[in-house]
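Structure first, then comments.
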Amino acid sequence: MTTAPAGRPGVLSALPRPQDCAASRGEARPPGRADVEAAAVRIAGHVRRTPLLPGPGVLLKAEHLQFGGSFKLRGALNAVLALGARRIVAGSSGNHGIALARLAASLGAEVTVVLAGGAHPAKAALIAALGGRTVSVPGGVADRDRRARELAQETGAVLVPSSDHRLVAAGQGTVGLEVLSDAPDAETVYVPTGGGGLLAGVCLAAQGHPVRVVGVEPACTPRYARSLAAGRPLRLGPSSTVADGLRGQQPGAVTYPVVRDRVDDMVAVSDAEVLAAAAALRRGGVDAEPSGAVALAGALRAGRSGGGRCVAIVSGGNTAAALAAATAAAGLPGGG
């Protein structure tokens with residue numbers, strides 16, 4: 001069985017000067033495919049180019065094999081390098097915080113991760129074991145992100161959101177570049193969707209390409225589907241989906257217009273479908289966390305069982321067992 005790697009990106013011995021002046025000034029220009037291509041150059045050598053694996057009727061983009069166990073490293077690394085951040089604050093459901101804590105340890109930077117109620121305790125333990133500071137707040141993702149913004153303002157730290165940031169979305173979009181490079185004839189790419197950074201990034205990577213991009217959301221929190229239907233971003237209440245990494249309540253200011261202008265469809269899947277997809281992945285040797293199985297659940301719901309050439313992104317492999325192993329390796333036995 002394949003599990004998330006315990007490795008980490010190459011050590012970044014010194015934090016570079018900011019490479020994206022517009023981003024460091026907070027200039028609000030719409031991101032484009034060129035931003036994703038620039039991110040691919042910036043993060044090359046520090047991320048793993050993950051393979052496409054055969055799956056049940058689809059190809060699987062194996063981001064569960066990424067350093068840190070999820071695709072989140074890509075966006076976090078792109079933002080931290082471009083902004084030259086030495087003090088970082090972020091709101092996270094866990095995987096973004098893990099990625100930032102790993103980077104901070106390599107760079108000699110400081111990171112504070114704000115976690116909402118219901119965050120996976122083993123993910124919080126790993127962040128702490130890697131040297132990150134964690135702050136827990138009651139409520140949902142909106143409360144978490146509000147507190148992260150406040151902390152960044154209070155301390156002068158750089159805010160690196162988990163999804164709603166031009167540099168973060170561009171970094172996540174490198175997943176899409178790799179998919180379209182390795183499977184240029186792909187007809188559809190299924191993308192797990194929470195805050196929307198990965199979906200927006202894949203939409204950017206797919207600009208000018210005929211591939212269909214389909215976002216897949218938990219049925220209990222279809223914030224993008226409802227927002228697109230309404231023609232404006234809507235905020236939903238907190239959710240308790242088994243896909244703990246996809247509990248975002250509202251599309252972001254950066255990600256929403258990108259998704260609106262390029263996504264082809266949105267699919268909603270139940271927790272039962274997510275767990276069934278995770279079980280199917282395990283039978284095939286892919287140990288994905290529930291959030292990482294959401295895209296496959298969407299592909300199966302859409303009936304993609306062999307017709308056409310489709311790709312489902314397995315976004316993370318931070319299962320309880322993988323988290324416990326990584327936490328122990330980082331020097332904190334156990335890990336929840």
Side-chain angles (χ1 to χ4, degrees), residues 1-7 47-74 94-95 98 120 122-123 172 174-176 178-194 198-199 202 211-219 241-246 267-326:
M1 179 176 290
T2 303
T3 58
V47 298
R48 175 171 286 165
R49 185 184 179 98
T50 55
L52 288 176
L53 304 176
V58 298
L59 292 172
L60 304 172
K61 178 58 172 172
E63 281 297 293
H64 66 295
L65 299 178
Q66 188 55 259
F67 296 120
S70 84
F71 76 97
K72 289 288 189 177
L73 176 66
R74 296 171 182 265
N95 285 344
I98 291 169
H120 199 306
K123 291 182 178 180
Q172 317 303 32
T174 61
V175 175
E178 291 178 12
V179 167
L180 297 178
S181 174
D182 294 344
D185 58 341
E187 295 178 3
T188 307
V189 180
Y190 291 89
V191 186
T193 305
L198 182 57
L199 178 59
V202 173
V211 68
R212 294 182 71 248
V213 179
V214 178
V216 187
E217 298 180 291
T241 173
V242 67
D244 66 288
L246 305 181
V267 175
V269 292
S270 68
D271 277 1
E273 289 173 305
V274 172
L275 293 174
L281 288 171
R282 284 195 300 274
R283 289 194 295 272
V286 175
D287 199 11
E289 61 186 290
S291 298
V294 163
L296 176 60
L300 295 175
R301 168 171 270 274
R304 305 313 299 226
S305 58
R309 187 166 168 84
C310 302
V311 178
I313 298 174
V314 181
S315 55
N318 282 324
T319 61
L323 287 165

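Atoms considered below: every heavy atom in the structure, side chains included; atoms not considered: hydrogens, waters and symmetry mates. These numbers were taken from a predicted model, which means no experiment stands behind them.
- Contact of the Val58 side chain with the Val311 side chain is not registered, since no non-hydrogen atoms from C-beta on lie closer than 4.5 Å.
- Summarising the geometry of Ala288 relative to Ala278, their closest heavy-atom pair is O-CB, 4.5 Å, with the distance given to 0.1 Å.
- Nearest heavy-atom pair, Ala295 versus Ile313, reported as atom, atom and distance to 0.1 Å: CB-O, 3.4 Å.
- Counting only distance, with no hydrogens or angles, the side chain of Glu289 and the backbone of Asn318 share a donor-acceptor pair below 3.5 Å.
- No salt bridge links Glu178 with Arg48; every basic N to acidic carboxylate O contact stays at or beyond 4.0 Å.
- Between Ala62 and Leu53, the shortest heavy-atom distance links the atoms CB-CD1, 3.8 Å.
- For Ser181, the side chain to side chain contact (heavy atoms under 4.5 Å, CB included) partners at least two apart in sequence or on another chain are Arg49.
- To the nearest 0.5 Å, atom CG of residue Asn95 and atom CG of residue Leu73 are 11.0 Å apart.
- Taking the charged nitrogens against the carboxylate oxygens, Glu273 and Arg301 do have a contact shorter than 4.0 Å, which makes a salt bridge.
- Put simply, the side chain of Asp271 gets close to the backbone of Val242: a donor and an acceptor are under 3.5 Å apart.
- Without hydrogens or angle criteria, Thr193 side chain to Val191 main chain gives a donor-acceptor distance under 3.5 Å.
- For the pair Val189 and Cys310, the minimum side-chain heavy-atom distance is 4.5 Å or more.
- Looking only at atom types and distance, the side chain of Thr50 has a donor-acceptor partner in the side chain of Glu63 under 3.5 Å away.
- Closest non-hydrogen pair, Val211 versus Ala186, comes out as CG2-O, 3.5 Å.
- Distance OG1/Thr174 to CZ/Phe71: 10.5 Å, rounded to 0.5 Å.
- Scanning all heavy atoms of the two residues, the minimum distance from Pro218 to Ala243 falls at CG-CB, 4.4 Å.
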request  = Take Glu217 and Leu246 through the side-chain contact (heavy atoms from CB on, under 4.5 Å) test and state the conclusion after the steps.
outcome  = CA-CA 8 Å; Glu217 298 180 291; Leu246 305 181; over 6 Å; no

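- Val314 is not listed as a side-chain neighbour of Lys61, based on a closest heavy-atom distance of 4.5 Å or more.
- Side-chain contact between Val47 and Gln66: present, with at least one pair of heavy atoms (C-beta onward) separated by less than 4.5 Å.
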key: Verdict with reasoning, Asp287 to His64, per side-chain contact (heavy atoms from CB on, under 4.5 Å)   = CA-CA 8 Å; Asp287 199 11; His64 66 295; 5.7 Å; no

task = Let me see the working for Ile98 and Lys123 under side-chain contact (heavy atoms from CB on, under 4.5 Å), right down to the final yes or no.
result = CA-CA 7 Å; Ile98 291 169; Lys123 291 182 178 180; 4.1 Å; yes

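- What you find for Ser315 and Leu198 is that their closest heavy atoms are CB-CD2, 4.4 Å.
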